[in-house]
Amino acid sequence: MLVKAITGFQDILPDRAARFARLEKTARDVFARYAYREIRVPEMEYTELFARGIGQTTDIVEKEMFTLQDSKGRAMSLRPEGTAGVVRAFIENGLATQDPQARLFYMGAMFRHEKPQKGRFRQFHQIGAEAFGSEDALLDAEVIAMLMDILREADVPGLRLEINSIGDDDSRGRFRKALVEYFEKHRDRLCKDCLRRLDTNPMRLLDCKVESCIGIVRSAPTILPFLNDDCAAHFDSVQNYLRAFGVEFFVNERIVRGLDYYTRTAFEVTTDRLGAQNAVAGGGRYDGLVESLGGPKVPGIGFAIGMERVVELMAERDEDAAQTASIMLVPMDENARRVCVRLAAAIRARGASCLVGVDGRSVKAQMKKADRAGARFALVIGEKELEEKRVDVKDMGENRLAPDGITPEDLAEMFAGAMAESGSAS
RNA sequence: GUGGGCGUAGCUCAGCUGGUUAGAGCGCCAGGUUGUGGCCCUGGAGGUCGAGGGUUCGAAGCCCUUCGCUCACCCCA
């Protein structure tokens, strides 16, 4: 019986891996332009970090973490998101004082024990960014602009950016209270999920898709009027800077994030092409997180991109094609194989890719391989070539991997060199 | 965790109300072309029909159980 992959964990085969790599490269390019530097943090942390950071009563912490115990009985969890670990590292390594305005990015695997469906896996990958040390609305707008740059340059079509402000503790506290009061009055008409939410996370009611609830939600209080002057001015300012950055957005007062650490600016990028899991990126400001994890009072803002969801949407590009070698060497016997090995080394030393046929297969089979590999040139090397000390370089045609800077004449010359070397070695 | 749909070759899928050696296309391998790819033709390898049990003279097809995948709820990237 074949041992299969764990439910919700998937293999990313070469064709799709090429897209992942392209997305990563695009992100790295954009991050560099915004002066962000990479940070790599562990994929497992003490469970307590996530409980304190993300929030004890969030779904993620309550029921979605992969948790195990070390030999001393201390609980550790595979990271369900990236921010908590980055903030921990930020504090623990003294960046909070040495480089309080650090701008960091990360990419890697996250783990949540949810039931898999389209666009949702138990191991998935995120690209994220965190900017510390400033409450300036300019930074909020810049972080969002950077996110949109990545998605645009990755060729992701049909996106919608929605932003909201969920206020600070003070504003949100008053809003939450008003919300509970309002929904209590309509208690008898709420779905049972909403009744539960009323106790655990009242703001989530705003998100309910049950028809009877939608009606009630429609006339529920909204967050913006509850914002205090500071938060309202900040949100205003974020919008103005976004316009200055030329980023199109929609204000959606229903955006509620599922992680407790968010404050003020919250945003989501969605698509209508992915089914139910329509969020491709999300993020927001977390001005109290560093402090609540034991660091100094340093504000922050960040986002995370769901790589699987973005890759699903990315337009195809030629560079993703399964082309692997620009030059194919086709040896016909053992002597030719030795020459080919030397020739291959010389070609690779010049920075071009090449493939040597193995298993002594027929010339036809090896040429077929050359075709599949996308090779531009093929060299068939047998008795005749070794005797005459010359080789014909076959041009496989246009639209193939170009062997940068290596011409057929170079190859012929390199062949002679490889022969001489091989001769003197024997 | 709850519900719907689906499990037949590496992939995409046929397989009539249960009936003989389970098929196709793509892919892979070989040959047609004594040493040259793509197109075409021919052939080949590859399946415990997800697993276990039951009904039956006979099960890929019916029944039960179980596992897996998938979509949706929930939640989120």
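Letters go in sequence order (proteins before strands), and every chain restarts at 1.
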field: Intra- and inter-strand pairs of RNA chain B in dot-bracket (Watson-Crick or G-U wobble, both distances under 3.5 Å; | for another strand)
entry: (((((((..((((.....[...)))).(((((.......))))).....(((((..]....))))))))))))....

message: Using atom P in both nucleotides, what's the gap between G38(B) and G32(B) to the nearest angstrom?
response: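 G38(B) and G32(B) have their P atoms separated by 14 Å.
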
- prompt: Short question: side chain of Arg19(A), backbone of Val311(A) - any donor-acceptor pair under 3.5 Å?
  reply: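 The answer is yes, because a donor-acceptor pair under 3.5 Å joins these two groups.
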
statement: Of G35(B), G31(B), U70(B), the nucleotide closest to the side chain of Pro116(A) is U70(B)

Nearest listed nucleotide, side chain of Leu259(A), among G31(B), A77(B), C71(B):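 For Leu259(A), the side-chain atoms sit closest to A77(B).
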
- request: Take Phe105(A) and Phe31(A) through the test ring pair (Phe, Tyr, Trp, His ring centres under 6.0 Å) and record every step on the way to the result.
  value: CA-CA 7 Å; Phe105(A) 76 87; Phe31(A) 285 136; 4.4 Å; yes

field: Whole-Å gap separating C1' (C71(B)) and CD (Glu114(A))
entry: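 From Glu114(A) CD to C71(B) C1': 15 Å.
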
message: Rounding to an integer number of Å, can you tell me how far Leu274(A) CG sits from A77(B) P?
response: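 Interatomic distance, CG of Leu274(A) to P of A77(B): 15 Å.
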
- prompt: Which part of the nucleic acid, if any, lies within contact of Thr58(A), taking any heavy atom under 4.0 Å across all strands shown: a base, the sugar-phosphate backbone alone, or nothing?
  reply: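 Nothing, no nucleic acid heavy atom in range.
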
- request: Would you mind classifying the nucleic acid contact of Ile127(A) as base, sugar-phosphate or nothing, using non-hydrogen atoms under 4.0 angstrom?
  value: nothing

task: Name the orientation class of the two ring planes belonging to Phe66(A) and His113(A) (parallel below 30°, tilted from 30 to 60°, perpendicular beyond 60°).
output: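 Tilted.
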
Any donor-acceptor pair, under 3.5 Å, between the side chain of [X] and the base of [N], if you only look at N and O atoms?
X: Glu385(A); N: G35(B); answer: yes
X: Arg361(A); N: C29(B); answer: no
X: Arg112(A); N: C75(B); answer: no

- prompt: Using a heavy-atom distance cut-off of less than 4.0 Å, which residues of residues 278-286 of chain A contact RNA chain B?
  reply: Asn278(A), Ala279(A), Val280(A), Ala281(A), Gly282(A)

field: Pair Phe9(A) + Phe121(A): ring centers closer than 6.0 Å
entry: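 No: the rings miss the under 6.0 Å criterion.
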
